[in-house]
Amino acid sequence: MNQEPKNHFIESFKSSLETIKNKEYLIDNEINQIQLFTSSEGSSSIPWNPGDLNFNNETNSVFDLMEMGGRSYFNSVFNEYLMHGEVQPIYEENEEGEMIPTDEDFLRHDRENAILFADYYQWLKELKNGKNKSHKPKLSPLTHKQKILALHYLGLDLNKYDNVKTAKILSQILGVGEENTRKYLSYVSAGKNSVRTKQNLDKIHQLFENVGVTEISNKIKSDLEK
C-alpha cells in the first residue's frame with residue numbers, strides 16, 4: 001500500500017479538523033494566520049520569542065509558533081519555495097576557497113521545516129477550494145533538481161554525453177534553465193550534494209512509489225539509507 005509523505009503540520013491539522021464543528025472556519029483561520037505570520041507586517045504584530053520561557057502561542061492557530069525556528073530565515077525560505085519551487089542553500093567558503101552549502105544543523109532544520117510549512121499552506125488552500133476533500137496532501141510539482149534526479153533513476157545515462165550539449169537538450173525538454181541544468185548534471189550521480197539531498201531523494205522516492213514503480217523506489221530508498 002502506498003504511503004503519502006509525512007508533513008507534521010498537515011498531520012496536526014487533520015487531527016484538529018476531526019474534532020472541530022466549524023471546519024470551514026478552522027481552515028480559513030489557519031490560512032489567515034499563516035499569511036500574517038509569514039508577512040512583513042506580521043513580524044511586529046505576532047508575539048514570537050521561543051527563547052522566552054514565558055512565551056505563549058497567541059495566534060489561535062493549529063501550527064505552533066515554537067516550531068518556527070529563526071523568523072527572518074524561516075520566512076524567506078517559505079516565500080522563496082512558494083515562488084520558485086525550490087530553495088537555494090546558504091553557501092560558505094571551505095579551506096580550499098570553494099563555496100559549498102553550509103552544513104549548520106539549525107539552518108538545515110529551519111529550511112526543511114519552512115518547506116514543510118509552505119507545502120502545508122498550499123495543501124490548506126487546496127482544501128479550502130475543495131480539491132482535498134479526503135484531507136490527503138497532494139504531491140507538489142517537481143523542482144528542477146528533482147526532475148534531473150527522476151531522469152537519472154529512470155535509467156537515462158546523463159554522463160554519457162557532453163554536459164553542455166546534454167544541458168541544451170534537457171533544458172528544452174524540461175522547460176528549465178540551461179546553465180543550472182548543466183551544473184546539476186555534474187552532481188546527479190555523485191554522493192551527497194546540493195542535488196542529491198534527503199529532501200529531493202524523498203520526493204523522487206515518493207513519486208515512483210505512488211506510481212508503483214517499486215524497483216526504482218526501492219533503489220532510491222536504498223540510496224537514502226546509505
Side-chain angles (χ1 to χ4, degrees), residues 1-14 34 67 69 73-74 76-90 101-103 105 107-127 131-132 134-156 158 167 170-171 173-177 180-226:
M1 181 177 179
N2 292 335
Q3 295 182 337
E4 62 189 38
K6 294 295 183 183
N7 182 315
H8 61 89
F9 294 111
I10 292 175
E11 296 304 314
S12 294
F13 189 84
K14 287 195 294 185
I34 291 175
E67 300 182 58
Y73 180 63
F74 185 94
S76 69
V77 170
F78 174 88
N79 287 293
E80 183 180 349
Y81 182 76
L82 286 178
M83 285 189 291
H84 304 293
E86 62 181 332
V87 178
Q88 295 297 325
I90 296 178
T102 181
D103 197 34
D105 287 340
L107 286 177
R108 185 169 59 255
H109 175 268
D110 285 357
R111 181 166 62 249
E112 292 174 351
N113 215 32
I115 289 172
L116 288 176
F117 199 55
D119 283 336
Y120 174 44
Y121 175 69
Q122 291 178 306
W123 179 81
L124 283 168
K125 297 280 283 187
E126 292 181 354
L127 186 60
K131 295 180 181 179
N132 273 319
S134 63
H135 310 325
K136 291 184 178 180
K138 174 185 175 183
L139 283 176
S140 56
L142 296 181
T143 66
H144 191 168
K145 294 174 182 177
Q146 291 164 357
K147 289 177 181 178
I148 299 295
L149 271 178
L151 289 175
H152 166 70
Y153 279 104
L154 277 170
L156 180 61
L158 299 174
L170 286 180
S171 65
I173 295 173
L174 300 175
V176 292
N180 278 339
T181 299
R182 184 195 61 77
K183 182 170 62 176
Y184 298 158
L185 286 173
S186 302
Y187 295 126
V188 71
S189 60
K192 184 180 179 181
N193 52 59
S194 62
V195 174
R196 297 179 64 84
T197 62
K198 183 180 184 301
Q199 175 193 333
N200 287 339
L201 289 170
D202 276 335
K203 183 64 175 289
I204 298 302
H205 172 260
Q206 190 63 45
L207 171 66
F208 285 108
E209 189 172 86
N210 281 355
V211 175
V213 188
T214 55
E215 182 179 352
I216 296 180
S217 65
N218 288 339
K219 172 67 169 69
I220 301 173
K221 183 178 180 181
S222 176
D223 288 348
L224 276 164
E225 293 172 350
K226 291 180 180 178

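What's counted below: heavy atoms across the whole structure, side chains too, no hydrogens, waters or symmetry copies.
- Using a 4.5 Å heavy-atom threshold, the side chains of Asn113 and Val77 count as separate.
- At distances below 3.5 Å, at least one donor-acceptor pair connects side-chain atoms of Thr181 with backbone N or O atoms of Gly177.
- Expressed to the nearest 0.5 Å, how far CG of Leu170 lies from NE2 of His144 amounts to 8.0 Å.
- We find the CD-CG distance between Glu86 and Leu142 to be 11.0 Å, quoted to the nearest 0.5 Å.
- Side-chain contact between Tyr153 and Val213: absent, with no pair of heavy atoms (C-beta onward) separated by less than 4.5 Å.
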| Under the side chain to side chain contact (heavy atoms under 4.5 Å, CB included) criterion, do Leu149 and Ile220 qualify, and how do the steps go? | CA-CA 10 Å; Leu149 271 178; Ile220 301 173; over 6 Å; no

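- Taking 4.5 Å as the limit, some side-chain heavy atom of Asp223 sits within range of a side-chain heavy atom of Arg196.
- Side-chain contact between Leu174 and Leu151 is present, with at least one heavy-atom pair separated by less than 4.5 Å.
- No donor-acceptor distance shorter than 3.5 angstrom exists from the side chain of Asp110 to the backbone of Phe74, with no hydrogens or angles considered.
- Between atom OH of residue Tyr184 and atom CD1 of residue Ile148 there is a gap of 9.0 Å, rounded to the nearest 0.5 Å.
- Looking at Leu116 and Tyr120, their side chains never come closer than 4.5 Å, going by heavy atoms from C-beta outward.
- Of the residues Phe9, Trp123, Tyr81, the one that meets the ring pair (Phe, Tyr, Trp, His ring centres under 6.0 Å) test with Phe117 is Phe9.
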